[in-house]
Amino acid sequence: MSENKLVEEEQAVVEQGVHNFSSEDKWVKPEDPLLLERLEWFKDQKLGLMMHWGPYSQLGLVESWALSDKDADWSRDGIDWDIDAEELKRQYFDLNKTFNPLRFQPDLWADLAADNGFKYLNFTTKHHDGFCMWDTHTTDYRVTGPDCPFHAHKYADITKELFDAFRAKGLGISAYFSKADWHTPYYWAPGMEAGSFTSRGPSYDPKKYPWLWEQFVQFTHEQIMELMTRYGRIDVLWLDAGWVNDYRDQNIRLGEVVEKARQIQPWLLSADRTVGGPYENLITPEQTLPERALHVPWESCITMGTSFSFRYEDRYKTVRQLIHLLVEIVAKGGNLALNVGPQPDGRLPETAISRMKGMGAWLKVYGEAIYGTRVCEPYSSGAVQFTQKDDTTYAIYLYRNEQEVVPEELFIPIQTAFSRIDLVGGQEGLEYRRTDEGVVVRLPDQERQEAAPIAHVLRFR
């Protein structure tokens, strides 16, 4: 495999750490009735909590990517101390020796998520850097390894503690796992033609060294099966590093291990990101939304702040922005996996907690227009987003800010049959009149007395 070909494969999948997403026509409908049922379950959830956490949180830098020399131009913009590339990699790979999140409280995180409308957890069991946040038997580069000071803590097996705590609250479990591993010598093997220069892919051509690549395949399968057999019920196996795939030169025989896992967990959904085919049950846009509604299962992973990993003094989206984001995603048929990066000491940032509680307060009142809904034409029109549940249609009228003038009447371009309109969380039986283009709804006077709300939610039935 030539260096140019490898670079082309990698660039097609990810740009500056942000992954492209598969087109709707690459989605393959599962034949298994149980998997189809689980996809309907997934589409009901709407809001998940994503967490990128590992030793890299100590630096407040982007996770993993600074290890790749090929990505240095963007991934090392936060490296502001005097250091060369080789020393940076050495320091990064030694971060496990200082990772000691003594203030970690898994039950507190699970309570916060469950109380505020989150329905599942998507946790990074291993990012591209290869550090395992579970008690793996495949490598010492793990949170329970002897070099990690946290290994003696009662919560040392962080993945187990989080999965158990969130599952106990009735939340689903999505296990993020990077198919690339930049720590194991089976992937970045020393002494190869690339020398010390690193890029996203392996440091060797798998076709030239098939025995070495097979060791990596077995290593990867063993890690996945550990997660699938020792960590309770897993709802989604969420696979990152789409340049590692069975259709190019980095074939890890993913189908083989997913089917093996399904012998134990037959309900398991897999998200083989950006790859398409039978094991990408969910399409996963990253830091973006599709321009139009998608009629296949999908989930946008978007950061609450500016970074997936913890960043000191990060800038967080407002509750209004987060709710608007959620509403638009749901109107287009998707879920929002909202990423919060835990701090290196084991706590969640106070601002992130405040935002989660703000979202929860809104969802407690208006969640009926979000959870369990499906797409509904015309999906969106101007400030209005639509959702549907059984014979009820919801129109969610969004206000950009508190200063926006709340009109006396809202125009809703809806053509479905209905006999009454209610204001969710407010007055029922609103006055309205029909027009050729839709319906004009009169808001109660009290709705115009204060600052513009995040949204007015109308129920048509």
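Predicted, not measured: the structure shown is a model, and the values here were computed from it.
For R311, the side chain to side chain donor-acceptor pair (under 3.5 Å) criterion is met by no residue, not counting sequence neighbours. In this structure H324 satisfies the ring pair (Phe, Tyr, Trp, His ring centres under 6.0 Å) test with no other residue, sequence neighbours excluded. Contacts of Y371 classified as side chain to side chain contact (heavy atoms under 4.5 Å, CB included), with partners at least two apart in sequence or in another chain: K46, K119, L363. With sequence neighbours excluded, the residues satisfying side chain to side chain contact (heavy atoms under 4.5 Å, CB included) with R103 are D345, R347. Taking the side chain to side chain donor-acceptor pair (under 3.5 Å) definition, one finds that H52 meets it with N339, sequence neighbours left out. By the side chain to side chain donor-acceptor pair (under 3.5 Å) test, Y394 is found to be paired with E368, residues two or more places apart in sequence or in another chain being considered. With sequence neighbours excluded, the residues that form a side chain to side chain donor-acceptor pair (under 3.5 Å) with R292 are E24. Partners of W211 under the ring pair (Phe, Tyr, Trp, His ring centres under 6.0 Å) rule, at least two apart in sequence or in another chain, are Y209. With sequence neighbours excluded, the residues forming a side chain to side chain contact (heavy atoms under 4.5 Å, CB included) with Q215 are Y186, L212, listed by chain and number.
Side-chain contact annotation: E87 with W81, donor-acceptor N/O pair under 3.5 Å absent. Side-chain N/O atoms of D129 and Y92 include a donor and acceptor closer than 3.5 Å. At a cut-off of 3.5 Å, with distance as the only test, no side-chain donor of Q343 or S57 sits close to an acceptor on the other residue. In the model, E280 has a side-chain atom that pairs as donor or acceptor with a side-chain atom of S22 under 3.5 Å.
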Report all side-chain donor-acceptor pairs from residues 224-236 shorter than 3.5 Å, counting only partners two or more places apart or in another chain.
unit_1, atom_1, unit_2, atom_2, d
E226, OE1, W134, NE1, 2.9
E226, OE1, T136, OG1, 2.6
E226, OE2, H137, N, 2.8
E226, OE2, R230, NH1, 3.4
T229, OG1, M225, O, 2.6
R230, NH2, D135, O, 2.6
Y231, OH, D135, N, 3.2
Y231, OH, D157, OD1, 3.4
Y231, OH, D157, OD2, 2.7
R233, NE, D235, OD1, 3.2
D235, OD1, R38, NH2, 3.0
D235, OD2, I173, N, 2.8

Atom pairs and distances, side-chain donor-acceptor, residues 108-118, under 3.5 Å, sequence neighbours left out:
unit_1, atom_1, unit_2, atom_2, d
D111, OD1, K169, NZ, 2.9
N116, ND2, L112, O, 2.8

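N245 is not listed as a side-chain neighbour of N251, based on a closest heavy-atom distance of 4.5 Å or more. Residues F104 and P342 fail the side-chain proximity criterion, which asks for heavy atoms closer than 4.5 Å. For the pair E259 and Y279, the minimum side-chain heavy-atom distance is below 4.5 Å. Counting only heavy atoms from C-beta outward, the side chains of W238 and M50 approach each other to under 4.5 Å. Looking only at side-chain heavy atoms (C-beta outward), K332 and V375 stay at 4.5 Å or farther from each other. Counting heavy atoms from C-beta outward, F42 and L282 have side chains that approach closer than 4.5 Å. Taking the side chain as every heavy atom from C-beta outward, S68 and S75 never approach each other to under 4.5 Å. Residues T373 and V330 form a side-chain contact, since some pair of their non-hydrogen atoms from C-beta on lies under 4.5 Å apart.
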(request) Show the numbers, then the answer: is there a salt bridge (Lys or Arg N to Asp or Glu O under 4.0 Å) between R374 and E40? (result) CA-CA 10 Å; R374 294 294 183 267; E40 292 304 310; 2.9 Å; yes
(request) Go through F219 and H221 one step at a time and tell me if the side-chain contact (heavy atoms from CB on, under 4.5 Å) criterion holds. (result) CA-CA 6 Å; F219 170 82; H221 284 205; over 6 Å; no
(request) Assess whether salt bridge (Lys or Arg N to Asp or Glu O under 4.0 Å) is satisfied between D69 and K89, documenting all intermediate values. (result) CA-CA 10 Å; D69 292 324; K89 285 179 254 186; 2.7 Å; yes
(request) Start with the C-alpha gap between C301 and N122, add the side-chain angles, then the distance that decides, and say whether side-chain contact (heavy atoms from CB on, under 4.5 Å) holds. (result) CA-CA 10 Å; C301 46; N122 185 356; 6.0 Å; no
(request) Please assess K43 against E299 for the test salt bridge (Lys or Arg N to Asp or Glu O under 4.0 Å), listing each intermediate value before the final yes or no. (result) CA-CA 9 Å; K43 290 194 289 186; E299 166 196 74; over 6 Å; no
(message) Please determine whether side-chain contact (heavy atoms from CB on, under 4.5 Å) holds for the pair W65 and W74, giving the CA-CA distance in whole Å, both sets of side-chain angles, and the decisive distance to 0.1 Å.
(response) CA-CA 9 Å; W65 287 100; W74 65 269; 3.4 Å; yes
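In this structure, the side chain of S380 does not engage the main chain of Q385 through any donor-acceptor pair within 3.5 Å. Checked by atom type and distance alone, the side chain of T318 pairs as donor or acceptor with a backbone atom of Q321 at under 3.5 Å. Using a distance-only test at 3.5 Å, with no hydrogens or angles considered, a donor-acceptor pair links the side chain of T198 to the main chain of L67. Between the side chain of T284 and the backbone N or O of R273 there is no donor-acceptor pair closer than 3.5 Å.
One finds no salt bridge joining K260 and E256 here, because no Lys/Arg side-chain nitrogen approaches an Asp/Glu carboxylate oxygen to under 4.0 Å. Electrostatic pairing of D246 and K179 does not count as a salt bridge here, judged by no charged N lying under 4.0 Å from a carboxylate O. Salt bridge present: E214 and R253 bring a charged side-chain N and a carboxylate O closer than 4.0 Å. With salt bridges taken as basic N to acidic carboxylate O contacts below 4.0 Å, none links K154 and E161.
A ring-centre distance under 6.0 Å is not found for F93 and F131. Not less than 6.0 angstrom separates the ring centroid of W267 from the ring centroid of W41.
The aromatic rings of H153 and Y155 are tilted relative to each other, their planes meeting at an angle between 30° and 60°. Aromatic ring orientation, W188 versus W182: parallel (interplanar angle below 30°, classes split at 30° and 60°). The aromatic rings of Y187 and F216 lie tilted to each other, with the angle between the two planes from 30° to 60°.
K26 NZ: more than 12 foreign heavy atoms inside a 6.0 Å radius. By the 6.0 Å contact criterion, NZ on K364 is enclosed, its count of non-hydrogen atoms from other residues, nucleotides or ligands being greater than 12.
Smallest separation of non-hydrogen atoms from L35 and L269: O-CD2, 3.9 Å. For the pair S307 and D314, the tightest heavy-atom approach, listed with the atom from each and the gap, is N-OD2, 3.7 Å. Nearest heavy atoms, P30 versus L36: O-CD2, 3.5 Å. Across all non-hydrogen atoms, the minimal contact from A455 to I396 is CB-CG2, 3.8 Å.
With respect to Y141, the ring-ring contact (aromatic ring centres under 6.0 Å, His included) criterion is satisfied by exactly one of H127, H151, H183: H183.
Listed by first and then second residue, the ring pair (Phe, Tyr, Trp, His ring centres under 6.0 Å) pairs involving residues 329-368 are W362-Y366 (not counting sequence neighbours).
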